[in-house]
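Lettering of chains follows the sequences in order, A, B, ..., and the numbering in each one begins at 1.
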2 protein chains.
Amino acid sequence: MIEIKLSAKVEYGVRAMAVLAIYHQDGPLPLREIAEQEKISLKFLEQIFPGLRRSGLVHSVRGSRGGYVLSRAPAEIKIGDIVRAVEGPITPVDCLSEPHNDFCCHRKDECLTRQVWEKLRDRINDVLDEVSLDELVEVKPSETLT
Amino acid sequence: MIEIKLSAKVEYGVRAMAVLAIYHQDGPLPLREIAEQEKISLKFLEQIFPGLRRSGLVHSVRGSRGGYVLSRAPAEIKIGDIVRAVEGPITPVDCLSEPHNDFCCHRKDECLTRQVWEKLRDRINDVLDEVSLDELVEVKPSETLT
DNA sequence: TTAAATCCGACTAATTAACTCGGATATTGT
DNA sequence: ACAATATCCGAGTTAATTAGTCGGATTTAA
């Protein structure tokens, strides 16, 4: 079994954003296209994108010939942004998201393990904020800058 | 909702090991004691400890006056050891644990996002292997070395 | 022999995850 | 105007996982 695991929503969300990054120039890209390319259920994608829009990472164009467009350049979008947009704040244990209560951990003054999870949370966020979308879709050596 | 989350098993496992570290000198400590101190169900702890034992982190003393003892000094036990003992190898997406198959991600040559999850996995392991049990139970300034 | 422990495996209840479904609404091309 | 193509919205469903329970067998010290 595995214990630190990304949800399918996050995985698909990042994959979908990567596709959007590739076709960034070509105007709005409908989810149908992304679904096809990445073999993801259209209906599931439809469920994922509202979060990305609310977080301002993409903007939507409704109606025929509509679709989604990145609202910033791929270089300005970090993987962490996507992950947080899809699922909310990243935190390894509930204890960290709530205001500290003494029942969270039952040792006298302070939760001993809390500091480890805090460190873990911070590092996870760091890693995810180090990589941006453009790095993800970087083309192979063949098409690097002239 | 949260997407990178430790299971209760891991959280309890680490807390329990911290208690064991504190009473390290005093011979075997029964789970009943730990359960009481940390307000964790005894039956649940009983389910967690076999994994810790099989990984060689603790050894058990059966029968009356029995319990569990750390098999190494707290300084030699990393949080990562505990996490892996309780739940198996740490990996953020299934794709990483299996031998690479082309259906894992549906882009032509290589999974673009894979590299990010690999980096994430490695960093998570790094963080968890940086902290050892003794750091976790380090006493407050009042009782630092004379 | 009794009490206190680990040990073992099955069972269950609750929650979450991963979709699915049906339709409403907006927009464009003809 | 109208059909086609999108996003949008919310509820429903199914499967998997998690968290925890339960009953009892085994081991051992006192």
Side-chain angles (χ1 to χ4, degrees), chain A residues 1-13 15-16 20 23 26-36 38-55 57-71 83 86-88 91-95, chain B residues 1-16 20 23 26-36 38-54 57-71 83 86-88 91-95:
Chain A
M1 304 285 173
I2 293 122
E3 76 290 52
I4 299 184
K5 194 157 161 41
L6 295 159
S7 65
K9 267 174 118 163
V10 166
E11 200 184 329
Y12 294 166
R15 298 233 305 265
L20 272 185
Y23 300 99
D26 312 359
L29 189 68
L31 293 187
R32 182 181 43 74
E33 289 273 2
I34 299 175
E36 214 166 287
E38 294 288 326
K39 302 280 181 287
I40 299 171
S41 143
L42 170 61
K43 278 298 190 181
F44 199 27
L45 275 181
E46 283 184 352
Q47 199 176 337
I48 293 168
F49 268 76
L52 294 167
R53 206 202 54 203
R54 266 181 259 114
S55 303
L57 297 181
V58 297
H59 74 92
S60 64
V61 180
R62 299 186 66 172
S64 183
R65 293 266 160 178
Y68 285 94
V69 195
L70 298 182
S71 2
V83 175
V86 171
E87 298 253 36
T91 168
V93 284
D94 289 336
C95 161
Chain B
M1 303 287 174
I2 294 120
E3 77 289 54
I4 300 185
K5 196 157 158 42
L6 294 159
S7 65
K9 265 175 121 164
V10 166
E11 199 183 331
Y12 294 166
V14 173
R15 298 234 305 266
L20 273 185
Y23 300 100
D26 311 1
L29 188 68
L31 293 186
R32 181 182 45 74
E33 289 273 2
I34 299 175
E36 215 166 286
E38 293 288 326
K39 303 280 181 289
I40 299 172
S41 144
L42 170 61
K43 279 298 192 181
F44 199 27
L45 276 181
E46 283 183 351
Q47 199 176 336
I48 293 168
F49 268 76
L52 294 168
R53 205 202 57 202
R54 266 181 260 114
L57 297 180
V58 296
H59 73 93
S60 64
V61 179
R62 300 187 65 171
S64 182
R65 293 268 160 176
Y68 285 94
V69 196
L70 298 181
S71 4
V83 174
V86 172
E87 299 254 36
T91 169
V93 284
D94 288 336
C95 159

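In this entry the distance linking NE2 of B:His59 with C1' of C:dC7 reads 17 Å, nearest Å. In this structure, the CG atom of A:Leu45 is 14 Å from the P atom of D:dA6, given to the nearest Å. In this structure, CZ of A:Arg32 is placed 9 Å from P of D:dT7, rounded to the nearest angstrom. The interatomic distance linking B:Leu52 (CG) with C:dT6 (P) rounds to 13 Å, in whole Å. In this structure, CG of A:Leu31 is placed 15 Å from P of C:dT20, rounded to the nearest angstrom. At whole-Å resolution of the value, CZ in A:Phe49 and P in D:dC9 are 15 Å apart. If you measure from atom CG of A:Leu42 to atom P of C:dA18, you get 18 Å, rounded to the nearest angstrom.
Remark on the helix from C:dT1-D:dA30 to C:dT30-D:dA1: inter-end axis angle 10°, axes from five-pair C1' superpositions, rounded to 10°.
Taking side-chain N and O atoms only, A:Ser60 has a distance below 4.0 Å to OP1 or OP2 of D:dC8. A close approach under 4.0 Å does not occur between any side-chain nitrogen or oxygen of A:Ser41 and OP1 or OP2 of C:dA18. When the side-chain nitrogen and oxygen atoms of A:Arg53 are compared with OP1 and OP2 of D:dC8, one or more of them lie within a distance under 4.0 Å. The side chain of A:Tyr12 places an N or O atom within less than 4.0 Å of a non-bridging phosphate oxygen (OP1 or OP2) of C:dC19.
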In B/S/- notation (B base, S sugar-phosphate only, - none; protein heavy atoms under 4.0 Å), nucleotides 23-30 of chain C written 5' to 3' is B-BBBB--

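In this structure, A:Tyr68 reaches the sugar-phosphate backbone alone: every heavy-atom distance under 4.0 Å involves primed, P, OP1 or OP2 atoms, never a base.
The stretch residues 41-53 of chain B participates, sequence neighbours left out, in these salt bridge (charged side-chain N to carboxylate O under 4.0 Å, His left out) pairs: B:Lys43-B:Glu46. Residue pairs meeting the side-chain hydrogen bond (donor to acceptor under 3.5 Å, both in side chains) criterion with at least one member in residues 58-71 of chain A, sequence neighbours excluded, do not occur.
Partners of B:Arg32 under the side chain to side chain contact (heavy atoms under 4.5 Å, CB included) rule, at least two apart in sequence or in another chain, are B:Pro30, B:Glu36.
Taking the side chain as every heavy atom from C-beta outward, A:Val86 and A:Leu52 approach each other to under 4.5 Å.
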